[in-house]
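Reading through the structure tokens given below for one structure.
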Number of protein chains: 2
Amino acid sequence: MARLAGVSRATVSYVLNNTSTMRISEPTRRRVRAAAEELGYVPHAAARSLRAGHSRMVLMASPTVPLSPLYESFLGDLQAALGRMEYTVVQYGGPGCTGDAAVRAWAELRPVAVLAQSGHGLDPQGVAVLKRSGARAVLTLGPERVDGAHALLTDHSLVGQCAAAHLLARGRTRIGAVVPAERGLDVFSRPMVEGMRRAAEGTGAEVAELPLAHTEEAAARLAGRWRDLGLDAVFTYNDEYAMLLMRALQDEGVRVPAETAVMGADDLLLSRLLRPRLSTVRIELPSGQALAELVDRLVRAPGARTEAHDLLAATAVRREST
Amino acid sequence: MARLAGVSRATVSYVLNNTSTMRISEPTRRRVRAAAEELGYVPHAAARSLRAGHSRMVLMASPTVPLSPLYESFLGDLQAALGRMEYTVVQYGGPGCTGDAAVRAWAELRPVAVLAQSGHGLDPQGVAVLKRSGARAVLTLGPERVDGAHALLTDHSLVGQCAAAHLLARGRTRIGAVVPAERGLDVFSRPMVEGMRRAAEGTGAEVAELPLAHTEEAAARLAGRWRDLGLDAVFTYNDEYAMLLMRALQDEGVRVPAETAVMGADDLLLSRLLRPRLSTVRIELPSGQALAELVDRLVRAPGARTEAHDLLAATAVRREST
């Protein structure tokens, strides 16, 4: 490349690395860039981050559990917004990539920021390893705080509280709480049930936890013993579980909402397609853009103090099923 | 670290890089590894790949369009299987990350293998850039082949053909083809319609393309003019569009399947929850494990010849809606 541009190898390196301490004329810079273009030169992100000491890479740890469509689209927006701010967004991992092994794998890539989720089991030692490897901001997304990391708090107890308050206001007093039987989702469902219990406190109403696998067979079994449970309402983990259970209840002849009110969460399109139309909890999350700006600010000014932000707000949407 | 282990810096480097050309005693290796552990040393993947000339990183380009739940779970399985084979799977990109810019961004990470999808607009020049930057295998996932890349072919015309054949066998002759109005999905829906036309060829049956946005309003509009269209069957892009349209048709008083047969694709759980139960096209894809083994083989033995594999098989599942 130096030969093609007619300059020294050092000059090529200065130009391609945008070294500002060296004075190199604009025509020379142009000549080097043209030669680089002609030769199809691709800078090595790794080498560049070695030199710069940090990268523009934001590592978003891949979820360890299937996310609801709501979170999928939220994380997609965040990724797009970070991309527009010229961060390189990399998703890393998958089921089983947790704990120390995950932290070491992430640290090897030398990201400038890391966004982990509850399921990854990040602990304060892990945060320290990431910071030592050059991460200027470590953030967690989930209901819990981790020492040393910024917290994007999603307090799902608000969702349960909102649902139970709605059902209580509709005069229901024996409320089922359908939680996924699938592993790893209790980090969301446990606080949800806690929120329901909080709303029911002192009202005389009861909350009964009902694990349900996301299969027709499991739903049919639960519906088959429904009348023995003596419930007059049920709130499900999300709209998809509500669809599953409501179908099974209807097949069993249970009238919705006359005998049992059914309420979902997430306000997916499908909640409006069901009959009766499904009441649901609408969950509001900040825009991807707003969150990308937060990440950028934390990267630019990595202070000693960690920040915590509540992301989640919940409102009841009443339709026909409650 | 050298001081802690009581060895030279060169020895530390040899041990941590697993340099096999140097003879270093096992006790010394152990001492260095213990010191590394104590100091919380994390190797730099970038530096390691610079030395080794290639990495264990498989770059899966993030989809540019929302994928159906079927593909989501397929790609998740592939990722998990590659992880078990000790590849580092990194997802990169998002909407807007396409063409030359995408290729250069991927190449900067020096992956050993790249899996791109149709929407990324990879061309033969892009494949060459990736190979020059050290990728030993470049694969595309989608209906088209790209020179120089291995092809994991998903021929969606088979899905359309299978659906149309089923509807024709049920005596239907005026068949609607619901395709997403959303941008970027025509790479899947175009061949689907072609497959339907192929199945209808010479039978006297007609296929009419019907773009539909994934909203209640759009579905209500289409259902409102349904009887003017004079169709006796409709095949939709996937089960989710089928659910949307079938609800709108039922709200409009169109009897399913008496007046119009409705068929979806992907065989999602929801297809069994609808009433009438939805007939659908079950799409079979290879296991993530099988595909991970293919990627590994191509990385180990990067030959001059590119391979093409047909991934997709389709079978009709008849329920109550056809």
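Lettering follows sequence order; numbering is per chain, from 1.
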So how far is it from B/Leu270 CG to A/Met243 CE, rounded to the nearest 0.5 Å?
-> 5.0 Å
For the atom pair CD (B/Glu108) and CZ (A/Arg56), what is the distance rounded to the nearest 0.5 Å?
-> 12.5 Å
Separation of B/Leu268 CG from A/Glu240 CD (nearest 0.5 Å) = 9.5 Å
Tell me the residues of residues 271-278 of chain B whose non-hydrogen atoms fall below 4.5 Å from those of chain A, in number order.
-> B/Arg272, B/Leu273, B/Leu274, B/Arg275, B/Arg277
For A/Asp296, side-chain hydrogen bond (donor to acceptor under 3.5 Å, both in side chains) partners two or more places apart = A/Tyr87, A/Arg300
Region of B/Leu82 that comes under 4.5 Å of a non-hydrogen atom in chain A = neither
Once you round to the nearest 0.5 Å, how far does CG of A/Leu109 lie from CE of B/Met57?
-> 5.0 Å
Chain B contacts, top residue of A/Leu59, A/Leu269, A/Thr215 (heavy-atom pairs, under 4.5 Å) | A/Leu269
Heavy atoms of other groups near B/Glu217 CD, more than 12 under 6.0 Å | yes
